[in-house]
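Structure record follows, encoded as structure tokens.
Counting starts at 1 for both ligands and their atoms, following the listed order. Given the structure is predicted, the values throughout are model-derived calculations rather than measurements.
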Amino acid sequence: MAFPRRPSAFLRYLIPAALILCVFYVLTGQPGSDFASPQNFRRPWAGLGAQKHPIEYLIDSAEKEFANKISRQSHTIAEAAAAYRQRRGRHPPPGFDKWFKFAQEKNAVIVEDFWDQIYHDLEPFWALEAQRIRKDAWDFEMRIEVRDGKASSGSDWFWTKIWLKMIGTVEGLLPDMDIALNAMDEPRLVVPWEEIDELVGRAGQDKRMVRAEEVVTEFEKLAKPGEGPEKDFETPKKVWEGNKHYWLIARRGCPPTSLARQSPVITDFNRTPLIKSSFALPHMTEGYVSNYTLSTDFCHQSDLQALEGVFVEPLSVSATKTLFPMFGGSKLAVNNEILLPAPMYWNEEERFMGSQGADIPWEEKEDAVIWRGVATGGKNKEDNWRSFQRHRFVAMNNGSKITLAEQRQLEPVNFALPPKAYGLKAQKRGKLGEWVASWSNVQFIDLMCGIKGQGVRCNYTDQHFEVTKGMPMAEQFRNKYLPDIDGNSFSGRYLGFLRSTSLPIKATLWREWHDSRLVAWKHFVPMDSRFGDWYGIMEFFLGVDGTGRDEVARKIAMEGKEWAERVLRKEDMQVYVLRLLLEYARVSDPRRGEMGWVGDLLGGEGAKGRDNELVKDGEGEVGSAAGEA
Ligand SMILES: *[C@@H]1O[C@H](CO)[C@@H](O)[C@H](O)[C@H]1NC(C)=O
Ligand SMILES: *[C@@H]1O[C@H](CO)[C@@H](O)[C@H](O)[C@H]1NC(C)=O
Ligand SMILES: *[C@@H]1O[C@H](CO)[C@@H](O)[C@H](O)[C@H]1NC(C)=O
């Protein structure tokens, strides 16, 4: 490799990966220790005394995490700039003062962590030539151009139009740039992990604080709209892969020692998938998700290759290994797109958002679960549908299927009964199916058949799923519990769920712009992608013999709603987009190393009352943000 590796980064991944591997081999070496093993329940809290439910500990620790986040709020530009330098190790970008003013005018909560995703997404670009970034963006056909404070696009693809509207609301504050957009549902960039690790390593090494007096505070102007920048620059050719087996593409974004890279590739999906909670061990504690971010990362969860439609057969694939600045609305942990708020969030479409009925009082709602949806997830077929997440979840909510499985009359074809270690009361009595049927209303409205001419039905899944009519969001909100299961990509209804007075229960592999603003178990309930914890979660909230914790569910639902109305507003999307695009314009500028906003350090407005020790001697290496591969 042409550039030295950073041993620290290497070790950081090697050690956890080695641990995961050990756990894997221990568990898989013992056939009896499958899904149902109590070994899968780590007990770091054992001995803490009380007979508290594991979820109660998770809720307590979410409270602390949230309080800690909020305590880092900035109220002045000097505080915001100091928090920036501390977390990012660079000066804020030119225009930071205007961004701060904008954020304040929009009454935004300013906590530097809220923009972590931007830095995760852009960091590798600091190691690419700025000219290359500019040229690549301009060369991409689906793009938005910003020149002289005006945003425009030659494309009238409906998503591009929505993004153009969103960016248009901050255009006057933007420098010149070209923004390449992913118009597909599926993310398309998967640069091999080794390459990203090296790029992020190099970006980290170049990180520095230029002396305030030497900082370049203006962005470069670009050629007129329709005229490309960096005409003579040769960018690497991109090869687009159309291999429908996306797992093979996705896993190269994982560390070489990860299970995703090391495990055999599954190609036969015409069978009952293996469902083992051992793969969830690193992100769960006592059977429940304790590290939500990690739970959305599939690198340690190689079994998900046969449990998620996106890995089995997405609707469309067009992927490349070549890093270039493409923006998109959601992505998997390994993808290298730069995230913008998704168009459907900006548009606030009723079918996703359901503003009506969103404020039905909790007390008036049914103690029940509702889910309606289409059998998406990818292209389901007769020989692969058992591996699709929505099919798995719907089947797990069918009381008669569960009863048949409990009575060992018919083994489930696409799910597993929950591990005994959950100690579910209904299961102990052999009445899990009956109990689930008493609160669950989960059905497909369209089986999305792989065979044409079947309407909403489908000859190979008909016997497993009844199809019912769709239900308006306003009516769904009459139920307290709203599971949210990924479709072809992220589920666009999440924001609507959060803003409602019902409780979202979320299982996902997708990352979105807002992830660092939400705290699992504080604002929503996280669920493992195998759904092995589903019944346990519901037993916790609903109880079996009047033992439920309705009040706890209500509290999370309300706090999620309040918080979404505080930090996930359209104004917050604008503030995010403005920060993102200032950073993007800087990293695309050949003078980026010297560029920044240092108004607070040079005296004058905003400079009052903060120690700027960190930067007084010039080139200090600061911050802990290096190396987010
Ligand atoms: C969650 O997992 C990530 C990745 O392994 C790790 O960096 C982070 O510290 C974990 N968070 C907690 C709260 O344990
Ligand atoms: C479904 O219909 C197709 C096309 O008519 C046929 O080839 C296939 O065998 C059928 N599958 C089942 C399970 O009936
Ligand atoms: C539940 O499962 C049974 C058995 O597979 C099936 O006949 C029935 O249609 C399913 N019910 C629903 C609502 O999908």
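Close approach of ligand 3 to K401 (heavy-atom distance below 4.0 Å) involves ligand atoms 2 (O), 4 (C), 5 (O). Of all atoms in ligand 1, listed by their number and element, those nearer than 4.0 Å to a heavy atom of L294 are 2 (O), 4 (C), 5 (O). Close approach of ligand 3 to N398 is summarised as follows: ligand atoms under 4.0 Å from at least one heavy atom of the residue are 1 (C), 2 (O), 3 (C), 8 (C), 10 (C), 11 (N), 12 (C), 14 (O). Heavy-atom proximity to Q443, at under 4.0 Å, picks out these atoms of ligand 3: 13 (C). Taking every non-hydrogen atom of F465 and a distance limit under 4.0 Å, the qualifying atoms of ligand 3 come out as 14 (O).
Under the 30°/60° scheme for interplanar angles, the aromatic rings of W247 and F298 are found to be tilted.
Both the backbone and the side chain of E466 come within contact range of ligand 3, each with a heavy atom under 4.0 Å.
Expressed to the nearest 0.5 Å, how far CG of L307 lies from NE2 of H391 amounts to 14.0 Å. For the atom pair E539 CD and H53 NE2, the distance stands at 6.5 Å (nearest 0.5 Å).
With a 4.5 Å cut-off on side-chain heavy atoms, D484 and F524 do not count as touching.
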Starting from the N and O atoms of ligand 2, collect every protein N/O partner closer than 3.5 Å and put each pair on its own line with the distance to 0.1 Å.
residue, atom, partner, partner atom, Å
ligand 2, 2 (O), N459, ND2, 2.2
ligand 2, 11 (N), E382, OE1, 3.3
ligand 2, 11 (N), N459, ND2, 3.0
ligand 2, 14 (O), N459, ND2, 3.3

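Between K522 and E559, at least one side-chain N (NZ, or NE/NH1/NH2) sits under 4.0 Å from a carboxylate O, which counts as a salt bridge.
Polar contact check, S400 against ligand 3: no nitrogen or oxygen pair lies under 3.5 Å apart.
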Given the rule in the salt bridge (charged side-chain N to carboxylate O under 4.0 Å, His left out) test, do R511 and E337 qualify, once you have shown the distances and angles that lead to the verdict?
-> CA-CA 11 Å; R511 299 274 170 93; E337 271 88 348; over 6 Å; no
Take E308 and R392 through the salt bridge (charged side-chain N to carboxylate O under 4.0 Å, His left out) test and state the conclusion after the steps.
-> CA-CA 9 Å; E308 296 281 335; R392 290 191 292 113; 3.8 Å; yes
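Partner F444 forms a ring-ring contact (aromatic ring centres under 6.0 Å, His included) with one of W385, F388, F465 and no other, that one being F465. Residue E112 is tested with R87, R88, Q86 for a side chain to side chain donor-acceptor pair (under 3.5 Å); the sole match is R88.
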